There are 2 protein chains.
Amino acid sequence: MEKLEKYYHQIKNSPVFYGMKDDELQGLLDCFNARIRNFEEGEMIIRQGDRITNIYLILEGAVNIEKDSYWGRRIIITQLSVNDNIALAFVASKNIESNIDAVAAQNTRVLVLSYEKCTSMCQNACTRHKVLINNLFDILSKENIELIQKIENVSQKTIRDKLLTYLSNEARKRKSNSFEIPFNRQDLADYLNIDRSAMSFELSKLQKEGLIKYNKNKFVLSARV
Amino acid sequence: MEKLEKYYHQIKNSPVFYGMKDDELQGLLDCFNARIRNFEEGEMIIRQGDRITNIYLILEGAVNIEKDSYWGRRIIITQLSVNDNIALAFVASKNIESNIDAVAAQNTRVLVLSYEKCTSMCQNACTRHKVLINNLFDILSKENIELIQKIENVSQKTIRDKLLTYLSNEARKRKSNSFEIPFNRQDLADYLNIDRSAMSFELSKLQKEGLIKYNKNKFVLSARV
DNA sequence: ACATTTCCGTTGTTTTTACAACATTATTAA
DNA sequence: TTAATAATGTTGTAAAAACAACGGAAATGT
């Protein structure tokens, strides 16, 4: 449990516990039976079919939310990183099985909280729970908006439009025309649901036309995009 | 305001107000400055760029959540119907502009609640607000899961796979192999991001092969799907 | 009932994509 | 450093989709 101390500051400032007083947070972490778990790159944190009763807060690393299509193709729904929650939506809907996998995209450290245990104990009555549920509501809202964004990205007709939409949305999010993306080429292709090689080809074309520049995961959008 | 009475029972049993006592609900409706608005088919309820401060609960009709792509194509994110909330995610994230349009898909009656007004008055202190935020959390969770479902639908590679994934997901949701879909052909195409005529062609093919049967919006899936 | 409009299915053509196979460049391990 | 492995880029070909154009059915309005 000593490890928890090391991350206390980060936890306190995470969106989940934002605005909570020290004593409230401390009590909540106890109530939640808070513990830290580590996952190696490629390890499954959540599997399709699981019933999720824990809140997972990413302390270090990154996690891909994926789905294997019926025909074996991999779909990347989104990539989560530090301070994000994994599969929060399934915590609220207790009786719904997860329809996604969560896979560590790097070595990843996660704070695990027994949501069920806490809510059954305090029966939503304590003030700290009120702050918490407000925060969770905010987080889910943002996730919701992100998912809509993703739908926009993958709903473009051509590979070119998918790339341009994705890249300009990223640029807007980071408020800069120069940014790194969290995906390698294959992952980006799985995120945009397109063929990797065809995507590579289109990327070079965009670069030749001067619309974008890139080197590995670092992209720069020209003003014209 | 007399109209409100007519829908009182429905409102009381909607997911937003689920579990609320009569006096709590009555107080909340006052506090919320609840009112009813009607929209004709095709009318815009919410536009991209709007800042949403109201909760919208659909009492009658249906609403398409849409997005016009940069290049003018229409994307249908989802269709909402009775008891659903419109753009709830944007209510929580006050400072984020809506990036979607909400368009009445039929003549539609909506209960409008000034979320902002209510929260500023009771400052989250009243018990009824606690029930409410819990309900909203549940609703957003389900919406979230729905969006992931939609991403799965549109992430299939071929028109055939998109159709089969969509249809079998619908069948699972309704717990029946026989069901009606809320879309006409053009809307379904805009939902799955495919060409209408190509989709029509694939639908007939699926029917010829005996995988599905359909008549207008009524679909029956064969056991093999 | 008739005209008008909207919706749906069909077909042929052009464009785009997936896929496979391979070249080149990074990265890792020995 | 070199060999081995992984990641990315390139090209040609087959498959799939978009698009346009049109015919017929269904719905709507008068």
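Lettering of chains follows the sequences in order, A, B, ..., and the numbering in each one begins at 1. As the structure is a prediction and not an experimental result, all values here were calculated from the model.
Side-chain contact, Asn153(A) with Thr165(A): no donor N or O sits under 3.5 Å from an acceptor N or O. Between the side chains of Asn64(A) and Gln79(A), at least one donor N or O lies within less than 3.5 Å of an accepting N or O. For the residue pair Asn193(B) and Ser155(A), a side-chain donor N or O sits within less than 3.5 Å of a side-chain acceptor on the partner. Judged by distance alone, the side chains of Tyr7(B) and Arg109(B) do bring a donor and an acceptor atom under 3.5 Å apart.
The neighbour count for Arg37(A) CZ, taken as heavy atoms of other residues, nucleotides or ligands under 6.0 Å away, does not exceed 12.
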Summarise how protein sits on nucleotides 24-30 of chain D as a single string, 5' to 3': B when a protein heavy atom is under 4.0 Å from the base, S for sugar-phosphate-only contact, - for no contact. ---S---
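We find the CZ-CG distance between Arg35(B) and Leu113(B) to be 8.0 Å, quoted to the nearest 0.5 Å.
Every residue two or more places apart in sequence or in another chain that forms a ring-ring contact (aromatic ring centres under 6.0 Å, His included) with Tyr214(B) is listed here: Phe219(B). Residues satisfying the side-chain hydrogen bond (donor to acceptor under 3.5 Å, both in side chains) criterion with Asn144(A), sequence neighbours excluded, are absent altogether.
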Hey, what are the protein-to-nucleotides 23-25 of chain C N/O distances that come in under 3.5 Å?
none

Could you list all N or O pairs between the protein and nucleotides 15-19 of chain C that sit under 3.5 Å apart?
from	atom 1	to	atom 2	distance (Å)
dT17(C)	OP1	Ile159(A)	N	2.4
dA18(C)	OP2	Asp195(A)	N	3.2

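When the nearest nucleotides of DNA chain D are assigned to Phe201(A) and Asn217(A) by heavy-atom distance, the more 5′-ward of the two goes with Asn217(A).
dT6(C) atom P lies 14 Å from atom CZ of Arg196(B), rounded to whole Å.
Taken over five-pair windows at either terminus, the axes of the helix from dA1(C)-dT30(D) to dA30(C)-dT1(D) are inclined to one another by 60° (rounded to 10 degrees).
For the pair Lys173(A) and Phe179(A), the NZ or CZ position fails the cation-pi test of under 6.0 Å to the six-membered ring centre and within 45 degrees of the ring normal.
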